[in-house]
Visitor: 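Please read through the structure below; I'll follow up with questions.
Positions are given from 1 along the sequence. Whatever order the structure lists ligands and atoms in, that order sets their numbers, starting from 1.
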Amino acid sequence: MAGSAQVPTLVYLVTGGCGFLGEHIVRMLLEREPRLRELRVFDLHLSSWLEELKTGPVQVTAIQGDVTQAHEVAAAVAGSHVVIHTAGLVDVFGKASPETIHKVNVLGTQNVIEACMRTGTQFLVYTSSMEVVGPNVKGHPFYRGDEDTPYEAVHRHPYPCSKALAERLVLEANGRKVSGGLPLVTCALRPTGIYGEGHQVMRDFYNQGLRFGGRLFRAIPASVEHGRVYVGNVAWMHVLVARELEQRAALMGGQVYFCYDKSPYKSYEDFNMEFLGPCGLRLIGTHPLLPYWLLVLLATLNALLQWLLRPLVLYTPLLNPYTLAMANTTFTVSTNKAQRHFGYKPLFSWEESKARTIHWVQALEASAR
Ligand SMILES: NC(=O)c1ccc[n+]([C@@H]2O[C@H](COP(=O)([O-])OP(=O)(O)OC[C@H]3O[C@@H](n4cnc5c(N)ncnc54)[C@H](O)[C@@H]3O)[C@@H](O)[C@H]2O)c1
Ligand SMILES: C[C@@H](CO)CCC[C@@H](C)[C@H]1CC[C@H]2[C@@H]3[C@H](O)C=C4C[C@@H](O)CC[C@]4(C)[C@H]3CC[C@]12C
């Protein structure tokens, strides 16, 4: 990968570049990758904000395309130096069918790998997920674990299953020869639950709180800790990995890294309140207001209703057996592997991450008025 501070030469492709995380990666690359000549943003749905980015010094090429279409992916990948594959179907609410989730997340990733092989692109960074590890179907806690912590990673839900399969494909492709004979260098980043500006689930909780007169009701014990990471730090880690992958190919190729920062370990609900609290919402109850068995019953009812109503309407509440199990299982990471391997340090402190997220929620509030 040639390049100097004076003459930008590199071409990057970000799949899913218009999504929640993708947008942050795109903007971070433009701010912090001086060797960038062209940035290709590939997405099923192109966003209007891309237009503003086209006036800067880096050529921003918007490509409307579908990762499940091999020819569209190959055309976008051809001539790029680095691919950051972030596109994915993030669905734990039953919005998409298991087949569609598999197609986008697994076949889509297969297409990206094959496009790299065929067109000679040597560096591939994959956005995986903590969910390839857990929480598992048995609800075993994962407490301050790192990339080497033993854990029984057994899934049934289509989303974690698809992410685990896709991650495996990416890691197994490391070292295979791309067109021209050079080895493909791949690695996978596993963010925990991402938060920050643009986070749809945070928006849903905020709207739910408004509907209940500014109140949210505690469902999960405060003692269940959930790993969270600020979107700006996840984007920064992607930029750093992409930058360092060539120089440290032997060390980083085929590796996985949890995406972490200094966000505090808290329950999912208490963590959300760090942002929703300053925006006027209150979490009612120091203990769950309903017994767990009743929540399980409600979640099961929701799943049943979803199934019954499917021919008529898509019913996708936040609470279902899977999201309940996730929210109710401690899953936190504590690792410095990314720091040791490629010098990662969070770019945004917890205070800054929090302030930025609160600012975004406040803007939601203003636009709702
Ligand atoms: N949100 C989280 O908490 C979280 C945590 C860990 C990992 N991840 C991973 O990060 C990635 C991005 O997630 P996100 O939260 O930004 O989701 P998102 O839905 O906001 O973004 C995904 C993007 O991929 C695009 N996309 C979907 N299907 C596509 C297709 N067939 N072809 C091309 N583009 C397609 C979407 O249009 C969207 O812009 C995903 O791979 C997800 O699995 C997310
Ligand atoms: C029981 C409810 C009472 O308030 C709370 C439900 C919360 C759930 C909707 C969320 C709890 C954990 C979240 C997931 C987690 O943060 C990690 C994820 C990995 C990532 O790859 C995609 C998003 C997600 C699955 C995330 C989705 C929302 C939760 C299940």
Side-chain angles (χ1 to χ4, degrees), residues 14-26 41-47 63-69 72-73 76 84-93 95-96 100-101 103-105 107-109 111-112 126-135 157 159-160 162-164 166-167 188-196 198-202 204-205 208-209 216-221 224 226-231 234-235 238 258-259 267-273 283 285 288-290 292 295-296 298-299 302 316-329 331-332:
V14 180
T15 70
C18 293
F20 164 48
L21 172 59
E23 175 177 354
H24 285 265
I25 295 177
V26 163
V41 182
F42 181 98
D43 206 298
L44 201 51
H45 307 289
L46 295 178
S47 305
I63 308 170
Q64 194 278 324
D66 184 342
V67 287
T68 68
Q69 301 303 312
E72 294 183 7
V73 178
I84 300 181
H85 177 42
T86 292
L89 199 44
V90 185
D91 182 19
V92 291
F93 304 111
K95 293 178 184 167
T100 309
I101 294 175
K103 199 169 159 199
V104 174
N105 293 350
L107 178 67
T109 301
N111 286 339
V112 170
Y126 175 59
T127 313
S128 180
S129 168
M130 77 175 199
E131 280 201 74
V132 306
V133 180
H157 192 279
Y159 174 72
S162 70
K163 294 300 283 187
E167 184 191 92
L189 302 186
R190 294 173 172 170
T192 54
I194 308 174
Y195 70 93
H199 186 214
Q200 184 56 46
V201 182
M202 184 83 77
D204 293 344
F205 271 99
Q208 198 174 73
L216 287 164
F217 301 94
R218 186 185 292 280
I220 303 297
V224 177
H226 206 84
R228 303 293 289 269
V229 60
Y230 176 62
V231 66
V234 181
H238 281 74
F258 277 125
C259 253
S267 78
Y268 196 81
E269 291 167 332
D270 286 297
F271 190 83
N272 285 352
M273 288 314 290
L283 181 62
L289 296 183
L290 299 177
Y292 189 65
L295 277 176
V296 173
L298 289 175
N302 272 344
T316 57
L318 279 175
L319 181 70
N320 65 44
Y322 183 74
T323 58
L324 178 60
M326 277 213 80
N328 201 47
T329 306
F331 199 98
T332 52

Visitor: Quickly, which of E167, H85, K163 forms a side chain to side chain donor-acceptor pair (under 3.5 Å) with Y126? Name it, please.
Guide: K163

Visitor: Write none if no such pair exists; otherwise list each N/O atom of ligand 2 with its protein N/O partner under 3.5 Å and the distance.
Guide:
| from | atom 1 | to | atom 2 | distance (Å) |
| --- | --- | --- | --- | --- |
| ligand 2 | 4 (O) | E269 | OE2 | 2.7 |
| ligand 2 | 16 (O) | H226 | NE2 | 3.3 |
| ligand 2 | 21 (O) | S129 | OG | 2.8 |
| ligand 2 | 21 (O) | Y159 | OH | 2.6 |

Visitor: Mark up the atoms of ligand 1 that fall under 4.0 Å of a heavy atom belonging to V90, in ascending order.
Guide: 13 (O), 17 (O), 40 (C), 42 (C), 43 (O)

Visitor: What is the distance from atom CG of L283 to atom CZ of R218, rounded to the nearest 0.5 Å?
Guide: 4.5 Å

Visitor: For side chain to side chain contact (heavy atoms under 4.5 Å, CB included), just list the numbers for L290 and F217, CA-CA rounded to whole Å, side-chain angles, deciding distance to a tenth of an Å, and then say yes or no.
Guide: CA-CA 9 Å; L290 299 177; F217 301 94; over 6 Å; no

Visitor: Counting each atom of ligand 1 from 1 as listed, which ones have a heavy atom of S128 under 4.0 Å away?
Guide: 6 (C), 7 (C), 8 (N), 9 (C)

Visitor: Would you say C18 contacts ligand 1, with heavy atoms under 4.0 Å as the rule?
Guide: yes

Visitor: Has E72 got a side-chain atom pairing as donor or acceptor with D66's backbone, closer than 3.5 angstrom?
Guide: yes

Visitor: Side chain, backbone, both or neither: which applies to Y159 and ligand 1 if a contact is any heavy-atom pair less than 4.0 Å apart?
Guide: side chain

Visitor: Please list, in number order, the atoms of ligand 1 under 4.0 Å from a heavy atom of G16.
Guide: 23 (C), 24 (O)

Visitor: Among protein heavy atoms, which lies nearest atom 4 (C) of ligand 1, and at what distance?
Guide: I194 CD1, 3.5 Å

Visitor: Kindly identify the option in Q64, H85, K163 whose heavy atom sits closest to atom 41 (O) of ligand 1.
Guide: K163

Visitor: How far is atom 29 (C) of ligand 1 from the closest protein heavy atom, and which atom is that?
Guide: L44 CD2, 3.9 Å

Visitor: When you look at T15 and V73, which way does the side chain to side chain contact (heavy atoms under 4.5 Å, CB included) test go after all the steps?
Guide: CA-CA 9 Å; T15 70; V73 178; 5.9 Å; no

Visitor: What is the nearest protein non-hydrogen atom to atom 20 (O) of ligand 1, stated with its residue, atom name and distance?
Guide: F20 N, 2.9 Å

Visitor: Hey, can you tell me if Y230 and Y195 have their rings parallel, tilted or perpendicular (30° and 60° cut-offs)?
Guide: tilted

Visitor: When you compare the side chains of D204 and Q200, does any donor N or O come within less than 3.5 Å of an acceptor on the partner?
Guide: yes

Visitor: Going by the rule side-chain contact (heavy atoms from CB on, under 4.5 Å), which residues pair with S47 if we only count those two or more places apart in sequence or in a different chain?
Guide: C18, W49

Visitor: Could you pull out the closest heavy-atom pair between I220 and E269, with the gap in Å?
Guide: N-OE1, 3.1 Å

Visitor: Applying a 4.0 Å heavy-atom criterion (strictly less than), which segment of T86 is in contact with ligand 1: side chain, backbone, both, or neither?
Guide: both

Visitor: Check the pair L107 / V67 against side chain to side chain contact (heavy atoms under 4.5 Å, CB included), numbers first and verdict last.
Guide: CA-CA 8 Å; L107 178 67; V67 287; over 6 Å; no

Visitor: Considering the heavy atoms of V104, write down every atom of ligand 1 situated less than 4.0 Å from one of them.
Guide: 28 (N), 31 (N)

Visitor: Measuring from atom 39 (O) of ligand 1, which candidate in V231, N105, D43 has the nearest non-hydrogen atom?
Guide: D43

Visitor: Could you tell me if the ring centre of Y159 sits under 6.0 Å from that of Y322?
Guide: no

Visitor: May I ask you to identify, for T15, whether its side chain, its backbone, both or neither come under 4.0 Å of ligand 1 on a heavy-atom basis?
Guide: neither

Visitor: Looking at atom 32 (N) of ligand 1, what's its closest protein heavy atom, distance included?
Guide: V67 N, 2.9 Å

Visitor: Which atoms of ligand 1 are found less than 4.0 Å from any heavy atom of L21?
Guide: 10 (O), 16 (O)

Visitor: I'd like to know if the side chain of N105 and the backbone of L89 have a donor-acceptor N/O pair within less than 3.5 Å.
Guide: yes

Visitor: Under 4.0 Å from any heavy atom of T192, which atoms of ligand 1 are there?
Guide: 5 (C), 6 (C)

Visitor: Counting N and O atoms only, with roles assigned by atom type, does the side chain of N320 sit under 3.5 Å from a partner on the main chain of T323, one being a donor and the other an acceptor?
Guide: yes

Visitor: Only heavy atoms of T127, strictly under 4.0 Å: list the atoms of ligand 1 that pass.
Guide: 9 (C), 10 (O), 11 (C), 41 (O)

Visitor: Are any of the heavy atoms in G65 under 4.0 Å away from ligand 1?
Guide: yes

Visitor: Rounded to the nearest 0.5 Å, how far apart are CZ of R228 and CD1 of I194?
Guide: 10.0 Å

Visitor: Start with the C-alpha gap between V234 and H24, add the side-chain angles, then the distance that decides, and say whether side chain to side chain contact (heavy atoms under 4.5 Å, CB included) holds.
Guide: CA-CA 9 Å; V234 181; H24 285 265; over 6 Å; no

Visitor: Report the nearest protein non-hydrogen atom to atom 31 (N) of ligand 1: residue, atom name, distance rounded to 0.1 Å.
Guide: D66 OD1, 2.8 Å

Visitor: Counting heavy atoms only, which of G19, S162, P191, G88 comes nearest to atom 24 (O) of ligand 1?
Guide: G88

Visitor: Angle between ring planes, Y268 versus H226, binned at 30° and 60°: parallel, tilted or perpendicular?
Guide: perpendicular

